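What follows is one structure encoded as structure tokens, with my remarks underneath.
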Amino acid sequence: MGSAIGAQYVFTTEEDRIAYSDHYSADETSHQPLGAVAPATVEEVQAIIRIANEHKVPLWTISRGKNFGYGGSAPVVKGSIVLDLSRMKKIEVDAENGTVLVEPGVSFFDLFDFIQEHKLPLWLSVPGNSWGSVAGNALDRGVGYTTYGDHAARICGLEVVLPDGDLVRTGMGAMSGSPNWQLYKPGYGPSWDTMFCQSNFGVVTKLGLWLMPEPESVLGFDIDVDKPEDLGWLIDTLAPLRRQGIIQQSPSIGNWLRAAATLTLRDEWVEPGKPLTESVITAIRKKFNIGWWGVAVRWYGPLEINEATSRVVEKAFAGKPVMAMRPTRWVKGDAPEGSPATGVPVTYPLANANWFGGRGGHVSYSPVLPVNGALALDQYRRTSALYAEYGMDYHPSFAIGERHMTNVNQLLFNRDDPDMMKRVDSFMRALVKDATAKRYAEYRTHIDYMDLIADTFDFNNHALRRLNERVKDALDPNGILSPGKSGIWPANRREKRS
Amino acid sequence: MTLFQARNARLALFAAAAMLGLSACGGAGTGNAPSPAGGKQQANAGANAMQDRSYKSDAEKLFVEKCAMCHRDFGMGTVVLARRVEKGQEWLEKRTDLQADFVKTAARAGIGNMPRITRSDVSDAQLDAIAAYLEKAGRK
Ligand SMILES: Cc1cc2nc3c(=O)[nH]c(=O)nc-3n(C[C@H](O)[C@H](O)[C@H](O)COP(=O)(O)OP(=O)(O)OC[C@H]3O[C@@H](n4cnc5c(N)ncnc54)[C@H](O)[C@@H]3O)c2cc1C
């Protein structure tokens, strides 16, 4: 590979192998790659793919590999070579149409800096960990907090190297020189963009994305409620507003710990190993003045419209037992609002790995539910009981979409506590079993659990898996691209399925 | 309130209200009032919480591009270090005790909650420049 891309971009020392392992993991060797290669151009990607096919070695594609909670940059199959695209950093913005074409190495901070430097009237939508890649995050169906927060839904046109080295452009990009590549998603005939999300069918080398034109104003409310049971009516109050499009971002309701885990250390409140009692929780909440649950809701656009929306939402909450409901307001000309609500990238939430004081981390358990208060309450009760049973601190959120809710739970752990680390795997499996009994599946998962989750999609004896694997075998006969991603295994490795 | 506490309060506001969907530090709860928001308009919590991404030299530019997201204002590293080091020293660029070799080892081996930085993300030559910048930055 050295001759294809330059020896200095082939990383095979022990230090490199460890650097590409999952640093949020109890056993970093379990998914350790053989090394990594970092091409800078699409031609170099193609050359690497050709060599991988010759030698039948598995590659694992990452854009920036900051997929913490889901495996970082580590592959499913130990000994794979990480195909690290972080050196590919081109940005092409179409300011008039509000679109960008990014290469995979472009981080949220890179794109933010570019937009600031060129004073473009465009806003990003960023995830809570914005260290990662704009493309990688969208391809893994990541989420942000503005109206553009469903990142995969804002993809418009891809450039992809297929597992045999062929290069395709999707949508209108299939016509060379088309001015509409980033403007019209479907293209002609079947559209393929979503086929490359959470998949191992190709290496995306360019990704088109729509960006929000800077709005005249952002108004909203920060809402806190006092009791765990308030989750039900809170969701039922927000749901119709969201479904009708009055609220167009996905409000994410988090519990007190989601905030507290970044603000304080557990040991300051309770002895290590002891559970967080209701009185401890109350004391923490009091100190930081946070609800048991809290949510930020925001609307974006002309001030006249937003002020009317505020009145409509306030009316919907009239008579509801809120603990606090604070209006928020940013109007063009004000100082930057400076948070992910206005597309400003952050890394601060990563501090929650320090909750136990030492080296920490988490895996995410993220089932999808219908938007319904009673179902959410039931989910809260069952999940929090399992957290208690396994001696873990309950850290949930419920993000409300137009028709579904994503219940992202972090299994926060302390890597310096071997006893706790031993419980994590059986805890995760218990949670998945519990969700599966309700016929809920996850929207995204960690590399350790990709088969476990794929197994839950069981209609007609796993017909979806058969379809995925027929496509995989047709495109990737040598099984070189990210084997095991989303539980999709190539023919030559199917016995590896866990 | 010391500057440090003020900053932490700002962090609290930011983390809780803006980022994580929780609100904090307002205290304007209105209970069962018919107008739940109480009509009182406040500035958005987390205002001005944006990071300073400016630079004056090539080395500082590299630091901003590769490290500032965690090691300037509101970065994960700054926040976590504030719990461990003397006041003011949580900003790497203000540290008076940083040796270039230590910076390089920390980046490559990881330290505490900081993951290891790959050579693709930051090349050896870039890391040399950043380490030299940090060794001097706080001692000016
Ligand atoms: C505290 C905390 C908060 C977080 N908050 C959020 C959040 O709010 N929203 C959110 O979405 N995530 C969140 N995350 C999860 C994660 O850190 C982010 O999603 C991050 O953006 C993923 O890393 P990345 O962008 O570098 O993607 P990568 O790691 O580069 O990519 C992710 C996956 O996508 C696939 N992929 C990537 N690039 C390509 C390509 N070019 N071609 C084909 N397939 C590809 C690969 O399977 C890869 O494993 C959070 C994590 C933590 C620890």
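So you know, we letter chains A, B, ... as the sequences are listed, proteins then strands, and number each from 1. Only a predicted model underlies this, so the values are computations on that prediction, with no experimental measurement involved.
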>> Please classify the contact between R53(B) and chain A as side chain, backbone, both or neither, with a heavy-atom cut-off of under 4.5 Å.
In response: side chain
>> For E60(B), give me all partners under salt bridge (Lys or Arg N to Asp or Glu O under 4.0 Å), at least two apart in sequence or on another chain.
In response: R72(B)
> Where does the angle between the aromatic ring planes of W123(A) and Y300(A) fall among parallel (under 30°), tilted (30 to 60°) and perpendicular (over 60°)?
Replying inline: perpendicular
>> The criterion is ring-ring contact (aromatic ring centres under 6.0 Å, His included); which residues satisfy it with W355(A), sequence neighbours excluded?
In response: none
>> So for R415(A), is it side chain, backbone, both, or neither that comes closer than 4.5 Å to the heavy atoms of chain B?
In response: side chain
> Pick from V37(A), V297(A), D226(A), D84(A): which one has the most heavy-atom pairs with chain B under 4.5 Å?
Replying inline: D84(A)
> Can you say whether T264(A) sits under 4.5 Å from chain B via the side chain, the backbone, both, or neither, judging by heavy atoms?
Replying inline: backbone
> Does any heavy atom of chain B fall under 4.5 Å from the side chain of F68(A), the backbone, both, or neither of them?
Replying inline: side chain
> Any side-chain donor-acceptor pair under 3.5 Å between D16(A) and T13(A)?
Replying inline: yes
> Hey, which of R84(B), R108(B), R116(B) has the most heavy atom pairs under 4.5 Å with chain A?
Replying inline: R116(B)
> In terms of heavy-atom proximity below 4.5 Å to chain B, should N354(A) be classed as side chain, backbone, both, or neither?
Replying inline: both
>> Heavy-atom cut-off 4.5 Å, strictly under: side chain, backbone, both or neither for F112(A) against chain B?
In response: side chain
> Do we see a donor-acceptor contact under 3.5 Å between the side chains of S252(A) and R258(A)?
Replying inline: yes
> If you count heavy-atom pairs under 4.5 Å between each of Q116(A), R64(A), Q8(A) and chain B, which one has the most?
Replying inline: R64(A)
> Between R326(A), R329(A), R298(A), which is the residue that forms a salt bridge (Lys or Arg N to Asp or Glu O under 4.0 Å) with D222(A)?
Replying inline: R298(A)
> By a 4.5 Å heavy-atom criterion (distance strictly below it), what part of E28(A) contacts chain B: side chain, backbone, both, or neither?
Replying inline: side chain
>> Can you tell me which portion of F11(A) sits under 4.5 Å from chain B's heavy atoms? Options are side chain, backbone, both or neither.
In response: both
>> Is there a side chain to side chain donor-acceptor pair (under 3.5 Å) between E337(A) and S339(A)? Walk through the geometry before answering.
In response: CA-CA 6 Å; E337(A) 183 271 353; S339(A) 88; 2.9 Å; yes
> Do the charged groups of D121(B) and K66(A) touch, with an N to O distance under 4.0 Å?
Replying inline: yes
